[in-house]
Amino acid sequence: MKRKTRLIALLCVLVIAVGVTVAVSLTEREREAIAESGEVVFELPADEASALAWSYTDDEAGELSLSFTKEDGGWTYDGDAAFPVDDEAIAELLGYFEAVQAAFVIDDVTDYAQYGLEDPVCTIDISAGDGEYEILVGSYSELDYQRYISVGDGKVYLVNDDPMDYYKTELDELMLDDAIPAFADVERVEFSGAENYAIERDGDGPSYREDDVYYTENGVLDTSAVNSYVSYIASLALGDYYTYDASDEDIAAAGLDDPELTVTIDYPESADEGAEILSFTIAFSRGAEDKLTDWDEVLEAMEAGEESGEAGEPADEDAVAYLRVGGSAIIYEISCDDFKALMACSYNDLRHTELFPAETEDIASLTVTLDGETYELTTAPPEDAEGDEDGEDGEDGGWYFGGEKIDIAEVEAAIASLSVSRFAKDTSSGATEISFTAVLDMEGSPAVSVRLYRIDGESCLASVNGESIGYVPRSQVVDLIEAVNAIVLG
């Protein structure tokens, strides 16, 4: 009896299994045929398109719809003809459909919903020649996370190059921003507004440094500082705009009817010798209301806040200034930090902070006055000096003091380290801590005289060739004094 029961049970299982097999077989017959592909299944040359529109739903912005029409060889935004369209950006969008490759082709589709194509993620409409094309973008496949699309031919294609990587875009990303050149070896930089002076390039200028090529009427500038400034302008990210169709009222509201700073840069078109010199102008300003507060006051408040560890002006972290390239209709927003960096273009901002205006390796002799005593350090050996280890009298490039050969590396390092923390034309009544005169190994044997006056425990006032330059940290002066004492008292 028990055996008969087991046989009946097994028979039931067999019947069920056969039923499932038959059901699966019938289901498979009803499923669409899926064929592996990889071939190009849709082609539409980008240059043949005359209209492009698409809509999709963004998680944050909601439903977005954009449409463009090609007129006179260029693209126009249907929502506002004044919008400056980036034709290359539109060409890139259309370029997706120049050769669409499918990973799989699904024929004889009966249920578009299972591919997310009844309620598509995105609908793209293209007009080209006499044809109209509607492309639907569906959901992802569950297995390989590739996208289903339909091009209106009754099939569904599985593509691994997701069209939403291209078409999930906003209007701002399709705007033709003004171009800022990548400046190199600029010939001239002119400032007007908060600063009013010009920088000229002169490779044969009077500086004692070979790398110095930029000058103003006040003197030599630091080449790296000038290059950094123009590179900062070149690297500005133009994206956030205040308006792309500026009226006179917009320009005035942004303070650009009378910019706080206008910079004009003359630069060679290419690195080729004799290349044409081009000119580029860019203007910066705070808004009309913000300009009522002097920038120096704002800057002082910001610096005071930085020193105290508290946020200084402006209190609004999102505060912006404005930028305009030439006479462009686009006004861009820039951060307060960018504005601060751009306004730092005075002579003092761009000059050398190194106090000694030459390379220490070019010093041929050094006269140092310290504690009322004067010491002569020289590269010329005394007449009775014995030859060096190589047997060459006075040709070893060494230094001498009091007839003895010395190591001056620490003194040179201390001189090179003297740096101005604050430029000023102040006159000191303080005592001289140390002074020195360096004769340079150059044509005419020019001399550079430096005097350092003690002001307090933190700083010294420095003068070069009798002209007050500014303040240097006293710790640097002490390093120089100790380096000299190590030689003359050692």
Side-chain angles (χ1 to χ4, degrees), residues 201-215 219-228 350-370 374-383 385-421 433-452 460 462-467 469-470 472-473 475-490:
R201 186 182 184 90
D202 183 358
D204 298 318
S207 172
Y208 298 132
R209 298 183 180 93
E210 290 185 4
D211 293 338
D212 288 340
V213 295
Y214 293 116
Y215 298 83
V220 63
L221 297 177
D222 185 342
T223 298
S224 63
V226 175
N227 287 339
S228 293
L350 300 179
R351 66 193 291 191
H352 285 281
T353 56
E354 301 93 344
L355 181 65
F356 190 65
E359 303 295 346
T360 55
E361 63 188 33
D362 292 325
I363 299 176
S365 66
L366 197 60
T367 302
V368 182
T369 299
L370 177 61
T374 299
Y375 307 99
E376 298 284 344
L377 312 179
T378 178
T379 55
E383 295 181 358
E386 297 181 0
D388 60 20
E389 294 180 0
D390 297 326
E392 297 176 342
D393 291 338
E395 296 182 2
D396 58 357
W399 279 83
Y400 295 84
F401 170 67
E404 301 292 331
K405 194 168 185 179
I406 58 174
D407 183 357
I408 200 175
E410 294 297 324
V411 174
E412 290 179 323
I415 290 175
S417 295
L418 294 171
S419 59
V420 180
S421 58
E433 290 255 56
I434 187 172
S435 64
F436 63 89
T437 297
V439 176
L440 304 179
D441 185 15
M442 295 180 176
E443 184 178 354
S445 299
V448 177
S449 296
V450 175
R451 186 175 293 273
L452 296 154
C460 291
S463 69
V464 176
N465 292 336
E467 179 185 0
I469 301 298
V472 300
S475 59
Q476 296 178 357
V477 178
V478 170
D479 288 342
L480 175 59
I481 292 172
E482 290 178 349
V484 171
N485 279 331
I487 292 175
V488 301
L489 302 180

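Values in this document were obtained by computation on a predicted structure and should not be read as measured data.
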Heavy-atom donor-acceptor pair, Tyr214 side chain to Gly203 backbone, under 3.5 Å
no
Flag side-chain contact, heavy atom, 4.5 Å: Thr374 against Val368:
no
Could you check whether any side-chain heavy atom of Leu418 comes within less than 4.5 Å of a side-chain heavy atom of Phe356, counting everything from C-beta outward?
no
Is any side-chain heavy atom of Trp399 less than 4.5 Å from a side-chain heavy atom of Glu412?
yes
Quick one, Ile363 and Leu440 - any side-chain contact, counting heavy atoms below 4.5 Å?
yes
Once you round to the nearest 0.5 Å, how far does OG of Ser435 lie from CG of Leu452?
8.0 Å
With no hydrogens and no angle check, do the side chains of Thr353 and Ser419 hold a donor and an acceptor under 3.5 Å apart?
no
If you take all heavy atoms of Ala364 and Thr379, which pair is closest and at what distance?
O-OG1, 2.8 Å
Val411 versus Leu480: any side-chain heavy-atom pair under 4.5 Å?
yes
Is there a side-chain contact between Val213 and Asp211 in this structure, where contact means two heavy atoms from C-beta onward sitting under 4.5 Å apart?
no
What distance do Arg451 atom CZ and Thr369 atom OG1 have between them, rounded to the nearest 0.5 Å?
7.0 Å
Using the rule given for side-chain contact (heavy atoms from CB on, under 4.5 Å), can you reason through His352 versus Asp212, listing the C-alpha separation, both sets of side-chain angles and the distance that settles it, and then say yes or no?
CA-CA 10 Å; His352 285 281; Asp212 288 340; 2.8 Å; yes
Rounding to 0.5 Å, atoms CD (Glu359) and CG (Asp441) come to a distance of 13.5 Å
Qualifying residue for side-chain contact (heavy atoms from CB on, under 4.5 Å) with Phe401, from Thr378, Ile487, Ile408
Ile487
If you count heavy atoms of other groups shown closer than 6.0 angstrom to CD of Glu410, is the number above 12?
no
Quick one: do Ile415 and Leu366 satisfy side-chain contact (heavy atoms from CB on, under 4.5 Å)? Show the steps, please.
CA-CA 11 Å; Ile415 290 175; Leu366 197 60; 4.0 Å; yes
Distance in Å, Leu370 CG paired with Ile434 CD1, rounded so as to fall on 0.5 Å steps:
5.0 Å
Backbone of Thr367 reached by a side-chain donor or acceptor of Thr437 within 3.5 Å
no
Is there a side-chain contact between Ile469 and Ser463 in this structure, where contact means two heavy atoms from C-beta onward sitting under 4.5 Å apart?
no
Kindly determine whether Leu221 and Thr223 satisfy side-chain contact (heavy atoms from CB on, under 4.5 Å), including the steps that lead there.
CA-CA 6 Å; Leu221 297 177; Thr223 298; over 6 Å; no
Test Met442 against Tyr208 for side-chain contact (heavy atoms from CB on, under 4.5 Å), laying out the working first.
CA-CA 9 Å; Met442 295 180 176; Tyr208 298 132; 3.9 Å; yes
Less than 4.5 Å apart, any side-chain heavy atom of Phe436 and any of Ser449?
no
